Amino acid sequence: MIKVCKFGGTSMSDGTNIRRVAQIFLSDPARRYLVVSAPGKRFGGDVKITDLLYETHREAVSGEPLNAFGKVKERFKGIVRELGVAFDMESVLGETEAEILRRKDEAFTASRGEYLAACVMAAVLDVPFIDAKDAVRFTEDGKLDNGATFALTAAALKGKERAVVAGFYGADAAGGYHTFSRGGSDVTGAIVARAVGADLYENWTDVSGFLACDPRIVDSPDRIKTLSYRELRELSYMGANVLHSESIFPVREANIPILIKNTFRPADEGTRIVPTAGYIAGARPVTGIAGKKNFAVVFIEKSLMNSEIGFARRILSVLERHKISFEHMPSGIDTISFVIDEAELHGVTLGELEREICESVHPDQCKTLKDIALIAVVGHGMSKTVGTSARLFDAIARAGVNVRMIDQGSSELNIIVGVDNENYERTVRAVYDEFFR
Ligand code: ASP
């Protein structure tokens, strides 16, 4: 039995917590490989090491004194002092500062939080430290190079009974540094689990698993005990932020389950993420509800659109020209809509988009809606339960909310409902009450 554990920033935030991490890791001999994040916040209002490092980069580039790095140094020196571990932090920090100034490279600077945290953890546990630049490889366009990464990680860990791997970063094809997007140590954990053929990927964080709904909207929502990879992908993509949304790909292909655990309440059961839903007939049809605000919908109507060759391609070329990716594409016989995250518009106005689409496909009608919130109602059980969508839309109607858009993927794994931003919270509450209370 091999378990790979990843501990997040809150778990690594100070010496006491790092000691707690070491204890958890050592309490189970199956826990062999440890992936760590950079130290996160110790209290509300504190600043994460990674944020200080991004600020350090900005200071380095603009030639200002590295004030933010001063804070990074204090944090790491404090951690080593508190732990009483034999690690020459002073000189490593000196070398790091010199390299930050020499390289002026954002990815290098941002990656130092994980690098230093993993060095300290390896010293505490007295096990080898693995530098992620030797284990994780990105392609030229910044995507994870799966083949090279799994091979390099497996080679780096071969023959090592235990090891600590730095999360969040790797090297690109030219040997430069590259990071995942924020929260990316989750992906590193999944890579390590995949590379060593782990039986379980334990992801230790500061919550006891996934909740069925955002607790800022619904008071103490239920915890989800079991979730399938696909349900997780839908929920985390739509804003359920426990795990990085890309972290399932490496483990999913190898059918390695993920267990979300709470470092501060290790006895809590957590949430298990498994290949199949484990759905039991008659159980709740909906597993979880997630959502996000601020989408735009471009709606295009043209009679006989269905028989016009290249119609969708011409619209997509307009989006492509502006480097806009779309999230959903609900369609009817004579209509097609594109749902776009407003942050993706990169300064193009909806009016400009409308105009260009009109020029390229001459529709009968093209209109855009903005400030739309999407709510994803997710669950494998929905396809097995008659009347789920009736209950869903009935609940929304009873809440007095007008539905602006509906999209149901052919998998019946989720139903996406679009409502005006201002109705978002009310809709989520109504749906939660319908399926969970
Ligand atoms: N330290 C990085 C961040 O704050 C990566 C991570 O914690 O996973 O985003």
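Bear in mind the structure is a predicted one, so any value in this text is a computation, not a measurement. Indexing begins at 1, ligand by ligand and atom by atom, following the structure's order.
Considering both main-chain and side-chain atoms, Gly183 comes within under 3.5 Å of ligand 1 through a nitrogen or oxygen pair.
Among residues two or more places apart in sequence or in another chain, the ring pair (Phe, Tyr, Trp, His ring centres under 6.0 Å) test is passed with Phe150 by none. Listed by chain and residue number, Arg223, Asn262, Arg265, Asp268 satisfy the side chain to side chain contact (heavy atoms under 4.5 Å, CB included) test with Ser208 (two or more places apart in sequence, or in another chain).
Taking the centre and axis of the six-membered ring of Tyr169, the NZ or CZ atom of Arg112 falls inside the cone set by 45° and 6.0 Å.
Among protein heavy atoms, the minimum distance from atom 4 (O) of ligand 1 is reached at Arg182 NH2, 2.9 Å. With respect to atom 7 (O) of ligand 1, the closest heavy atom belonging to the protein is Ser37 OG, 3.0 Å.
When each atom of ligand 1 is checked for a heavy atom of Glu114 under 4.0 Å away, the hits are 1 (N), 2 (C), 5 (C), 6 (C), 7 (O).
Residue contacts with ligand 1 include Gly184, since one of its heavy atoms falls under 4.0 Å from the ligand. Residue Gly113 places every heavy atom at 4.0 Å or more from ligand 1.
Note: Phe299 and Phe338 fail the aromatic proximity criterion, with ring centroids not under 6.0 Å apart. Aromatic rings of Phe129 and Tyr115 (six-membered ring for Trp) have centroids within the 6.0 Å cut-off, being under it.
In His244, neither the side chain nor the backbone holds a heavy atom less than 4.0 Å from any atom of ligand 1.
When Ser247, Ser111, Ser185, Gly40 are ranked by how near their heavy atoms come to atom 8 (O) of ligand 1, first place goes to Ser185.
A donor-acceptor pair shorter than 3.5 Å cannot be found between the side chains of Thr287 and His380.
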